[in-house]
Enquirer: 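One structure, as C-alpha cells, below. Some questions next.
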Amino acid sequence: MLRMSTLFLRTLRDDPADAEVASHRLLVRAGYIRRIAAGVYSWLPLGYLTFRNVERVVREEMDAAGFQEVHFPALLPREPYEQTQRWSEYGPDLFRLKDRKGADYLLGPTHEEMFTLMVKGEYSSYKDLPLSIYQIQTKYRDEPRPRSGIIRGREFVMKDSYSFDLTDEGLIDSYNKHRAAYVKTFDRLGLKYNIVSAVSGAMGGSGSEEFLAPCETGEDTYVLCEKCGYAANVEAMKTVVVPVDSKDIGALEEIDTPNTPTIDSLVEVLNAKFGGGFTGADTLKNVLLIADGKTICVLVPGDREVDLKRLQANLPGVQELRLFEDEDFAKNPHLVKGYVGPQGASKHSLPLYADPRIAPGSSWVTGANKKNAHARNVVNGRDFKVESYIDCAEVRAGDTCPKCANPVIIDRAIEIGHIFQLGRKYAQALDLTVLDSDGKSQVVTMGSYGIGVSRAVAAIAEQSHDEIGLCWPQEIAPAQVHIVATGKDDTPFDVAEKLALQCESSGLRVMLDDRRDASPGVKFKDAELIGNPIIVIVGKALADGKVEVRVRKTGERSEVLLADAVGAVSKLLV
RNA sequence: CGGGGCGUAGCGUAGUGGCUAGCGCGCCUGCUUUGGGAGCAGGAGACCGGGAGUUCGAAUCUCCCCGCCCCGACCA
C-alpha cells in the first residue's frame with residue numbers, strides 16, 4: 001500500500017518554468033519525474049511505479065507472443081559498430097567514450113549489431129529459425145535538441161526486438177506477429193493510435209510501419225483518410241500520377257516577364273497579361289539542390305514548397321541534400337535564379353525529379369532560363385523529360401488519398417512504436433548465415449521492432465490528462481484506487497485504513513492519503529493531480545455510514561454505503 | 001549549427017549602479033483549523049550560473065564561458 005504520509009513525494013503548486021507540454025508539466029508537478037540534465041530525467045516513486053507498469057504490459061505481451069527476453073549492456077565496444085559502418089555513419093548522435101586505456105566505447109543507441117552477433121554466436125542451422133528475441137534497455141542518443149520532457153530524451157528506455165528468418169515469407173510472418181503483439185500492447189496501455197506506413201530512413205530495409213499516438217504536441221505529422229483508413233507518415237504519403245491528354249496544347253511560347261523572380265509576382269503578371277484565371281498551381285517551380293555533390297532539379301507546382309524530408313526519404317541512397325545557394329548559381333550561369341525552366345535540362349545533363357502532380361502531358365508556365373522571361377505551354381514529355389517521379393512536395397490537408405481519392409486530413413502524433421522489415425543488411429555486414437536444408441549457407445533476414453517505453457508514459461499522459469492533473473488508465477496508474485481520509489478525529493482515518501486493507505485483499509492496488517496535517521483541499525488537489533482512476537473520500541458522508549466514490553476521468557461522484565465500497569470501486573474499474 | 005528567450009532559496013518570481021537581496025508556495029517550531037491548495041506568530045534556507053573586467057560601489061554595466069527552454073535544421 002502506498003501511504004501518502006510516508007511516500008517520497010512533493011507535489012508542486014506551480015508549473016515548472018522549463019516545461020511546456022502537458023506530460024512534462026504534470027509529471028514534474030505531480031512528483032513523477034525530475035530533470036537531471038537536458039533530456040535526462042530521474043523517476044521518483046510514483047513515476048517509477050507508472051513506468052514499471054508500462055514496462056510490465058510490454059513484457060507480458062512480448063512473452064505471450066513467444067518472444068524471449070535477453071539483456072545487453074548499455075556500454076558497448078566500438079568493434080561491432082565499426083563492422084556495420086555505424087561508428088562513423090551514426091555521427092554526433094552517438095555517445096562515445098574512452099576507457100582508461102584509450103579504447104573506444106559507446107552507449108548503445110540501438111542494438112542491431114549486438115543481437116545479430118549474439119545469434120551468430122549460438123545458431124548456425126535453419127532449423128533454429130524463426131527466432132524473435134527482445135530486450136528492454138536504456139538507450140542513449142545525443143540528440144541535437146532534446147525536448148518535451150521525456151518525449152524526446154537523450155537517455156530513454158526502449159523495448160527492441162529482432163526477428164531472424166531464413167526466407168522473405170518467414171520475415172513477413174515474424175513482422176505480422178510483432179504487429180499483432182504491438183496492437184495488443186498499445187490497446188492495453190489505453191493509447192489511441194494509428195498504424196501508418198513509414199519510410200525506413202537510416203535503418204534501411206523495406207516495409208515499415210509506425211504506431212503513432214495522436215496528440216497536439218506530437219512531433220510527427222501524418223496523413224489520415226477518414227473514409228478508407230489510409231494512414232501514412234507525410235514522408236511516406238503517396239501521390240497518384242494521372243497522365244493528362246496534351247494534344248490540344250499549343251506550342252511552347254516565351255513571354256516577357258520583367259522583374260518576376262517569384263511565383264507570386266509571376267502570377268500577377270500572367271493575370272494582367274492574359275486576363276486573369278492564373279494561380280500558383282498553374283506554374284511550375286524548379287527547385288535546385290545539391291544531392292551528395294551533384295546538382296539536381298526538383299519540379300513541384302508553384303503553389304507548393306518542396307518538403308526536404310519527403311524528398312530525401314524518397315531519394316534512395318542520398319546522404320546529404322541541400323538547397324542551391326547564391327554561389328551555386330554563380331558557378332552555373334545557365335541556371336538563372338528566379339527564371340529556371342526544365343526545358344533544356346537534358347542539354348546540361350541536369351536530372352529532373354518531378355512531384356507526381358507534374359503529370360505526363362501536363363502543361364505549365366515556367367522560367368525561360370533567361371532573366372525577365374518565362375515560357376508557357378511547357379508540356380511534360382514534349383518540352384522536357386522527367387527522370388523519375390518522386391513524392392517531394394509538401395503535403396496538405398485535403399490532398400487526395402492514394403487509395404480512395406477522398407481528401408485526407410493531417411494530424412500530429414507521438415511515435416510510440418516502429419516496426420521494420422530490415423532484410424539482410426545487418427546479417428550481411430556481420431556475416432550471420434545459417435545452413436539451409438540443402439546444406440547451403442544462407443544469409444538470415446531480420447526484422448527490427450521498437451517500443452518507446454519511457455516515451456509511452458509521456459504519450460499516455462499527453463492523451464490522458466485535463467486542466468487539473470493526470471488521469472491514468474488503471475493498468476498504468478500508480479494505484480487503482482486512491483483513498484482520502486479527511487476530518488479531525490481518528491474515525492475517518494481508521495475507517496479509511498480498514499477500507500484500504502479490504503481493497504488490497506480483494507486484489508486492488510491502493511494509495512492511502514493518511515496525512516493528518518494536510519487539509520482536505522490539499523488532499524483533493526493532490527489526488528486529482530496524481531491521477532489514479534478512482535478516488536474514495538472517507539469523511540463527511542461517514543455520518544450516514546457512507547463514503548464518496550469519484551471517477552477521476554469523468555468527475556462522476558456517488559455516495560455508497562461503507563460496506564459496499566469495495567464492490568463499487570471494483571465495479572467501476574472493470 | 002542558425003534565430004529567439006532565460007539563469008536570483010526546493011518550486012514560482014520581484015529587484016536595470018547605492019543601506020542587511022524582497023515576495024508567494026514549500027520546509028521547521030508553537031497555537032488554532034479540518035470537504036477544495038487554511039489562519040496567526042516565530043524561524044531556517046541564496047558564493048544572485050561561473051570567470052574576468054569597468055566602478056568608491058555590480059544581481060544590475062562590458063567581455064568570455066557554462067547551463068536551460070522555445071522555433072528551425074537534424075533525428076529509430
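In this text, all values refer to a predicted model and were calculated from it rather than measured experimentally. In the text below, chain A, chain B and the rest are named by the order of the sequence lines, each starting its count at 1.
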Enquirer: It should be established whether A:Arg145 places a side-chain nitrogen or oxygen under 4.0 Å from OP1 or OP2 of nucleotide B:C71.
Expert: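 Yes, because at least one side-chain N or O of A:Arg145 sits under 4.0 Å from OP1 or OP2 of B:C71.
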Enquirer: Write down the distance between CD (A:Glu219) and C1' (B:C70), rounded to a whole number of angstrom.
Expert: 13 Å
Enquirer: Please give, in whole Å, the distance from B:G10 C1' to A:Ile36 CD1?
Expert: 13 Å
Enquirer: Check the phosphate of B:A38 against A:Ser519, side-chain N and O only, distance under 4.0 Å to OP1 or OP2. Yes or no?
Expert: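 Answer yes for this pair, as a side-chain N or O of A:Ser519 is under 4.0 Å from OP1 or OP2.
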Enquirer: If you take atom types as modelled and just measure distance, does the side chain of A:Arg25 reach the base of B:G12 with a donor-acceptor pair under 3.5 Å?
Expert: no
Enquirer: So does A:Glu528 reach the base of B:G36 with its side chain, donor to acceptor, closer than 3.5 Å?
Expert: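 Such a pair is found, so the answer is yes.
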Enquirer: Checking only heavy atoms, does the side chain of A:Asp526 share a donor-acceptor pair with the base of B:G37 at less than 3.5 Å?
Expert: yes
Enquirer: Please give, in whole Å, the distance from B:A38 C1' to A:Lys525 NZ?
Expert: 14 Å
Enquirer: Of the options B:C27, B:C11, B:G12, whose atoms approach the side-chain atoms of A:Arg10 most closely?
Expert: B:C27
Enquirer: Distance check needed: B:U33 C1' versus A:Arg515 CZ, whole Å only.
Expert: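 Result: 16 Å.
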Enquirer: If we ignore angles and hydrogens, is there a donor and acceptor under 3.5 Å between the side chains of A:Tyr449 and A:Asp160?
Expert: no
Enquirer: Are side-chain heavy atoms of A:Asp220 and A:Arg412 found at a separation under 4.5 Å?
Expert: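 Not in contact.
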Enquirer: Among B:G35, B:C27, B:C74, find the nucleotide with the atom closest to the side chain of A:Lys309.
Expert: B:C74
Enquirer: Are A:Arg455 and A:Phe156 in a cation-pi setup, meaning NZ or CZ lies under 6.0 angstrom from the ring centre and within 45 degrees of the ring axis?
Expert: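 The answer is no, since A:Arg455 fails at least one limit relative to A:Phe156.
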Enquirer: Quick check on the 6.0 Å ring-centre criterion: do A:Tyr134 and A:Tyr162 meet it?
Expert: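 Between A:Tyr162 and A:Tyr134, which both carry aromatic rings, the centre distance is not below 6.0 Å.
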Enquirer: Does A:Arg29 have a side-chain nitrogen or oxygen under 4.0 Å from the phosphate oxygens OP1 or OP2 of B:C11?
Expert: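 So the side-chain polar atoms of A:Arg29 never come under 4.0 Å of the phosphate oxygens OP1 or OP2 of B:C11.
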Enquirer: Under a 3.5 Å cutoff on both atom distances, Watson-Crick or G-U, what's the dot-bracket for RNA chain B ([ ] crossing, | other strand)?
Expert: ((((((((.[[[[.)..(...]]]].((((((.....)))))).....[[[[[..)....]]]]])))))))....
Enquirer: Cation over ring, A:Arg550 on A:Phe524, under 6.0 Å and within 45°?
Expert: yes
Enquirer: A:Phe67 vs A:His178 aromatic rings, parallel, tilted or perpendicular, using cut-offs 30° and 60°?
Expert: parallel
Enquirer: Determine, for A:Trp43 and A:Arg34, whether the Lys NZ or Arg CZ falls below 6.0 Å from the six-membered ring centre while staying within 45 degrees of the axis.
Expert: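 The answer is no, since A:Arg34 fails at least one limit relative to A:Trp43.
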Enquirer: Using whole Å, what does the distance between atom P of nucleotide B:G67 and atom CG of A:Asp142 come to?
Expert: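 Those two atoms, CG and P, are 11 Å apart.
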Enquirer: Is A:Lys488 near enough to B:U34 that one of its side-chain N or O atoms lies under 4.0 angstrom from OP1 or OP2?
Expert: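 Answer yes for this pair, as a side-chain N or O of A:Lys488 is under 4.0 Å from OP1 or OP2.
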